[in-house]
Novice: 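Have a look at this one before I ask anything.
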Amino acid sequence: MRIVTWNVNSMAARLDFVLDFLQTRSPDIVCVQELKLPDEGFPHLAFEQAGFRALTYGQAQWNGVGVLVRKSVDPEPLIVSTGLPGHEPMGSRLITVKAAGLSVTSAYVPNGKTVAHPDYKAKVAWLGGLADFVEKNLDPNGHTILAGDFNVVPGDLDTWDPVGHVGAIFHTDAERGPLERLRALGLQDLFREKNPDLQSFSWWDYRAGAFHKKQGLRIDLVYGSKSVVSRVREVSIDRDFRKKREGRIPSDHAPVIVDID
DNA sequence: ATGTCCACTAGGAGTGGA
């Protein structure tokens with residue numbers, strides 16, 4: 001089974017791109033973020049025709065998360081919960097579904113802007129709330145996956161410039177603390193688990209030719225419980241889908257692909 | 001190079017967010 005996380009930066013703007021990905025890479029479950037669509041505006045028909053069911057928690061203009069499930073692996077996936085209790089003013093950023101015998105959570109962590117900005121404190125609080133949510137609601141002894149755009153660089157290997165970014169947004173101890181809590185709660189970073197020494201980024205700024213200069217960050221993460229870790233065959237980041245395809249503009253994030261037995 | 005892309009409001013280009 002192939003499980004993916006991908007911040008698409010507008011599902012409306014990226015629809016053809018995403019359908020191309022489903023066709024080309026044949027994933028079974030895709031956690032998506034930054035839909036930028038209200039649920040009533042989601043293009044369900046296009047995904048149904050592509051053989052997928054989409055479970056979404058969206059809002060107008062910003063944020064929005066979802067899980068796409070291939071109908072042949074589970075014709076009746078279910079939404080278990082939406083939203084992060086106590087943090088609703090931050091927008092639609094969390095959805096948990098039950099699909100193909102797995103608990104799958106798609107998360108879009110607030111960006112935070114800069115460490116001096118009030119949004120940074122709210123981001124750190126949201127991350128703490130996420131760890132609380134995992135502790136209360138997700139089962140470390142089950143088949144559990146938590147994937148999404150964390151807007152946090154887990155370690156020095158995950159940034160193109162560890163020296164220049166010391167203490168900078170995405171790189172602070174306060175943001176990394178909640179990721180350590182996830183580990184303590186039994187969830188492991190599957191990419192790093194399978195590729196201990198590999199530098200591979202999942203996000204590059206649209207500006208300044210960052211992609212071609214290899215100035216990226218690994219901020220899109222897939223966490224799995226112990227039983228998932230034991231089933232993982234390979235984890236990779238699909239740089240090809242950060243490139244223009246047939247003149248179409250990509251998201252600023254690349255899909256992270258996890259293959260499990 | 002604060003260099004791009006997206007949604008929204010508006011009915012053209014500016015604003016806010018990332």
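Sequence lines set the chain letters: A, B, ... in the order given, protein chains first and strands last, and positions in each chain run from 1.
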Novice: Considering only residues two or more places apart or on different chains, which pairs with a residue in residues 29-48 of chain A satisfy ring-ring contact (aromatic ring centres under 6.0 Å, His included)?
Specialist: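 Qualifying pairs: A:Phe42-A:His44, A:Phe42-A:Phe47.
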
Novice: Can you tell me which residue pairs pass the ring-ring contact (aromatic ring centres under 6.0 Å, His included) test with a partner in residues 144-171 of chain A, sequence neighbours excluded?
Specialist: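 Listed by first then second residue: A:Phe150-A:Tyr223, A:Trp160-A:His165, A:His165-A:His171.
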
Novice: In whole Å, measure the gap between the P atoms of B:dG14 and B:dA1 for me.
Specialist: 24 Å

Novice: To the nearest Å, how far apart are A:Leu15 CG and B:dC5 P?
Specialist: 19 Å

Novice: Nearest whole Å is fine: how far is B:dA7 P from A:Gln59 CD?
Specialist: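 Going from A:Gln59 (CD) to B:dA7 (P), I get 14 Å.
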
Novice: Round to the nearest Å and state the distance from A:Gln33 atom CD to B:dC6 atom P.
Specialist: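 Interatomic distance, CD of A:Gln33 to P of B:dC6: 17 Å.
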
Novice: Starting at the 5' end of DNA chain B, which residue's closest nucleotide do you reach first, A:Lys213 or A:Leu35?
Specialist: A:Lys213

Novice: Output all residues satisfying salt bridge (Lys or Arg N to Asp or Glu O under 4.0 Å) with A:Glu234, sequence neighbours left out; order by chain, then residue number.
Specialist: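 With neighbours one apart ignored, the set is empty.
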
Novice: Side chain of A:Ala60: nearest nucleotide among B:dC6, B:dG3, B:dC8?
Specialist: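 Nearest to the side-chain atoms of A:Ala60, counting from C-beta on, is B:dC8.
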
Novice: Taking only side-chain N and O atoms of A:Arg14, does any of them lie within less than 4.0 angstrom of OP1 or OP2 on B:dC6?
Specialist: yes

Novice: Restricting to pairs with a member in residues 93-121 of chain A, which pass ring-ring contact (aromatic ring centres under 6.0 Å, His included), not counting sequence neighbours?
Specialist: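 Matches after skipping sequence neighbours: none remain.
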
Novice: Can you tabulate the close N/O pairs, meaning under 3.5 Å, that link protein atoms to atoms of nucleotides 15-18 of chain B?
Specialist:
| residue | atom | partner | partner atom | Å |
| --- | --- | --- | --- | --- |
| B:dA18 | OP2 | A:Lys113 | NZ | 3.0 |
| B:dA18 | N6 | A:Arg207 | NH1 | 3.4 |

Novice: Is the NZ or CZ atom of A:Arg239 both under 6.0 Å from the centre of the six-membered ring of A:Phe241 and within 45° of that ring's axis?
Specialist: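 No.
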
Novice: Return the set of residues passing side-chain contact (heavy atoms from CB on, under 4.5 Å) with A:Ser236 (not counting sequence neighbours), or none when no residue passes.
Specialist: A:Ile257

Novice: Quick one: A:His212 NE2 to B:dG3 P, roughly how many Å, whole number?
Specialist: 18 Å

